[in-house]
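Given the structure is predicted, the values throughout are model-derived calculations rather than measurements.
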Amino acid sequence: SFERSIHRWRHFSWGYQLDFGLAYNPERYDPVAVPANNWLSSPVMAYFGVGPFAKVHFGKHWEIGANVMFRHFSNGRTGLPNEALNAMGAGLFARYRLAEYNPERYAKAEKVKKEFKKGMQYMITLGGAVHTCQAEWNVLAYENYLDEKPVSRVPSKEEAASLKAHPKFSLSFDAVYRYSLRYATGIGVDMFYSSNMDELKAADTILYGESAVAASPGYSPISLGVAVVQEVYFKNFAVHVAIGAYPYRKKGVNDPVLNDKFDDRERGWHYEKAGFRYYFPKLADTYVGFAIKSHSIKAEYLEFSIGIRL
């Protein structure tokens, strides 16, 4: 959890909070017991939260406050179904902090002008993930595939368990300009590798027919992307966001009319990545990261990464 105060006045402060972590899901998808719960199918999920807070400090260690948080829960397509879950709610909290609260220390810190290295920065990032293919799930979740409106069905436990999680990898080169202590903006080039092209082609043949597969761009495990990159820094911690497009991508049947029948958004021309990085300046400016890659805000996978900043 990361918390930043925008304004402080004596013992009162308000600002925003970012949460990231893991959550346990006790009521997950079961094709027999709860077939309608297609939102979450894994016992462990990742979640992200953001929202404003206001709090009052009293004594040397205690604080009480209130917040309003938006939270997104997803398994990042490590299993299907995964429509994910969004929640918003308000809450009250009380905290005991180990460090003593000293408003004069915060006031002095805010007046100090912190130094940073202005100019171009270059990052090389290697990422890895596992991914369950939407097309393979659609083969199990629908009938009468070639009809204008395929009929949905509930896969059995055995069918759902037969889905494989395929490894995926990425290699990224980013060039950003650090123009302030807080922000850097630039461009990135991404190369993505998918290991399930044979399975995707087999699923497409069932879903769309041989003629649609023959008319498709083809099936290549390599995709190339170009993205606008934004980083927001908080000491050694950074929020990393990229919005990109594919100049080269061959992922089978790419017909919006056909893909929309099964809500398959992975075939589009653009993508998004959003996540966090922690830099280690004393270790040659290396970093570790975590990000969600998505298409039209529908998750493709959760990615762990390592990299170096030059």
Notebook entry, point to check: Is it the case that R309 places NZ or CZ above or below the six-membered ring of F280, under 6.0 angstrom from the centre and within 45 degrees of the axis?
Noted result: no
Next item on the list: Please answer whether the main-chain N or O of P167 pairs with a side-chain N or O of S195 as donor and acceptor at a distance below 3.5 Å.
Entry: yes
Notebook entry, point to check: When the ring centroid of Y271 is compared with that of Y246, is the distance short of 6.0 Å?
Noted result: yes
Next item on the list: Please confirm whether R10 makes a cation-pi placement over F12, using NZ or CZ under 6.0 Å from the six-membered ring centre and within 45° of the ring normal.
Entry: no
Next item on the list: Can you see which heavy atom on G225 is nearest to which on P247, and at what distance?
Entry: CA-CD, 3.8 Å
Note to self: Evaluate Y248 against S223 for side chain to side chain donor-acceptor pair (under 3.5 Å), listing each step before the verdict.
What the structure shows: CA-CA 6 Å; Y248 177 83; S223 298; over 6 Å; no
Item checked: Presence of salt bridge, E159 and R153, under 4.0 angstrom -> yes
Checklist line | Co-membership, hydrophobic cluster, residues M197 and L207, 4.5 Å side-chain | finding: yes
Item checked: No-hydrogen, no-angle side-chain donor-acceptor test under 3.5 Å, T125 and Y287 -> yes
Note to self: If I take atom OG from residue S172 and atom CE from residue M123, how far apart are they, to the nearest 0.5 angstrom?
What the structure shows: 10.0 Å
Margin query: Would you say E210 and T205 are linked by a side-chain donor-acceptor pair, where the criterion is simply a distance under 3.5 Å?
Written below: no
Next item on the list: Go through the steps to decide whether Y233 and Y183 satisfy the test ring pair (Phe, Tyr, Trp, His ring centres under 6.0 Å), and finish with yes or no.
Entry: CA-CA 6 Å; Y233 301 99; Y183 304 106; 8.6 Å; no
Next item on the list: Ignoring hydrogens and angles, state whether a donor on the side chain of H61 or E63 is under 3.5 Å from an acceptor on the partner side chain.
Entry: no
Checklist line | Linked, directly or transitively: V232 and V50 (ILVMFWY side chains, under 4.5 Å) | finding: yes
Checklist line | Q230 side-chain N/O to A184 backbone N/O, donor-acceptor pair under 3.5 Å | finding: yes
Note to self: Looking at K261 and Y145, would you say the former's side chain and the latter's main chain have a donor-acceptor pair under 3.5 Å?
What the structure shows: yes
Notebook entry, point to check: Roughly how far apart are F93 CZ and Q17 CD, rounded to 0.5 Å?
Noted result: 7.0 Å
Notebook entry, point to check: Does the pair Y219 and K201 meet the rule for a side chain to side chain contact (heavy atoms under 4.5 Å, CB included), with working shown?
Noted result: CA-CA 7 Å; Y219 295 82; K201 184 175 181 179; 3.7 Å; yes
Check: Do the side chain of S180 and the main chain of R182 share a donor and acceptor less than 3.5 angstrom apart?
Finding: yes
Check: What pair of heavy atoms forms the shortest contact from Y279 to D285, and how long is it?
Finding: CD2-O, 4.4 Å
Notebook entry, point to check: V253 and V213: side chain to side chain contact (heavy atoms under 4.5 Å, CB included), yes or no, with the steps?
Noted result: CA-CA 6 Å; V253 178; V213 170; 4.3 Å; yes
Note to self: For F48 and H72, I'd like to know if the aromatic rings sit close, meaning centre-to-centre distance below 6.0 Å.
What the structure shows: no
Margin query: Could you check whether E136 pairs with K164 (Lys NZ or Arg NE/NH1/NH2 to Asp/Glu carboxylate O, under 4.0 Å)?
Written below: no
Item checked: From CA spacing to verdict: side chain to side chain contact (heavy atoms under 4.5 Å, CB included), Y16, S5 -> CA-CA 7 Å; Y16 61 89; S5 295; over 6 Å; no
Note to self: Tell me if the CD1 atom of I308 is crowded by more than 12 foreign heavy atoms within 6.0 Å.
What the structure shows: yes
Checklist line | Donor + acceptor pair across side chains of Q134, H295 (<3.5 Å) | finding: no
Margin query: Checking Y47 against D19 for the side chain to side chain contact (heavy atoms under 4.5 Å, CB included) test, could you report, in this order, the C-alpha distance in whole Å, the side-chain angles of both residues, the deciding distance, and whether it holds?
Written below: CA-CA 8 Å; Y47 77 89; D19 289 344; 4.0 Å; yes
Note to self: One thing to verify: whether R277 and D174 come together as a salt bridge, which I'm taking to mean a side-chain N less than 4.0 angstrom from a carboxylate O.
What the structure shows: yes
Note to self: Taking CD in E148 as the centre, count heavy atoms belonging to other residues, nucleotides or ligands within less than 6.0 Å. Is the count above 12?
What the structure shows: no
Margin query: According to a hydrophobic-cluster definition based on side-chain heavy atoms being under 4.5 Å apart (Ile, Leu, Val, Met, Phe, Trp, Tyr only), do L302 and F169 belong together?
Written below: yes
Check: Does F192 have K293 sitting over its ring (NZ/CZ under 6.0 Å from centre, angle to axis within 45°)?
Finding: yes
Note to self: Under a 3.5 Å threshold, yes or no: a donor from one side chain and an acceptor from the other, between K55 and S13?
What the structure shows: no
Note to self: Let me confirm one number: the CD1-CG distance from I206 to L146, rounded to the nearest 0.5 Å.
What the structure shows: 10.5 Å
Check: For the ring pair F304 and F290, is the centre-to-centre distance below 6.0 Å?
Finding: yes
Next item on the list: Spell out, as yes or no, whether a donor-acceptor pair under 3.5 Å connects the side chain of S194 to the backbone of N196.
Entry: no
Next item on the list: State whether the side chain of R249 and the backbone N or O of G268 hold a donor-acceptor pair below 3.5 Å, judged by distance alone.
Entry: yes
Margin query: Using a 3.5 Å distance criterion without hydrogens, assess whether the side chain of R178 forms a donor-acceptor pair with backbone atoms of L181.
Written below: yes
Item checked: Check: N259/Y208 side-chain N/O donor and acceptor closer than 3.5 Å -> yes
Item checked: CD1/I243: more than 12 non-hydrogen atoms of other groups inside 6.0 Å -> no
Note to self: Can you confirm whether the side chains of Y193 and S170 place a donor and an acceptor under 3.5 Å from each other?
What the structure shows: no
Check: Is a donor on one side and an acceptor on the other found under 3.5 Å between the side chain of H131 and the backbone of E300?
Finding: yes
Note to self: Check for me, please, whether V139 and Y142 land in the same ILVMFWY cluster - side-chain distances under 4.5 Å, paths through other members count.
What the structure shows: yes
Next item on the list: Mark yes or no for whether H11, through its side chain, and V56, through its backbone, hold a donor-acceptor pair below 3.5 Å.
Entry: no
Next item on the list: Answer yes or no: does atom OH of Y177 have more than 12 heavy-atom neighbours from other residues, nucleotides or ligands under 6.0 Å?
Entry: yes
Checklist line | Interatomic distance, S152 atom OG to E143 atom CD [nearest 0.5 angstrom] | finding: 8.5 Å
Next item on the list: Following the transitive rule for hydrophobic clusters with a side-chain heavy-atom cut-off under 4.5 Å over Ile, Leu, Val, Met, Phe, Trp and Tyr, establish whether F53 and M88 coincide in one cluster.
Entry: no
Note to self: Tell me if a side-chain donor or acceptor on R71 pairs with a main-chain N or O of N86 at a distance below 3.5 Å.
What the structure shows: no
Margin query: Nearest 0.5 Å, please: how far is CG in L92 from CG in N67?
Written below: 8.0 Å
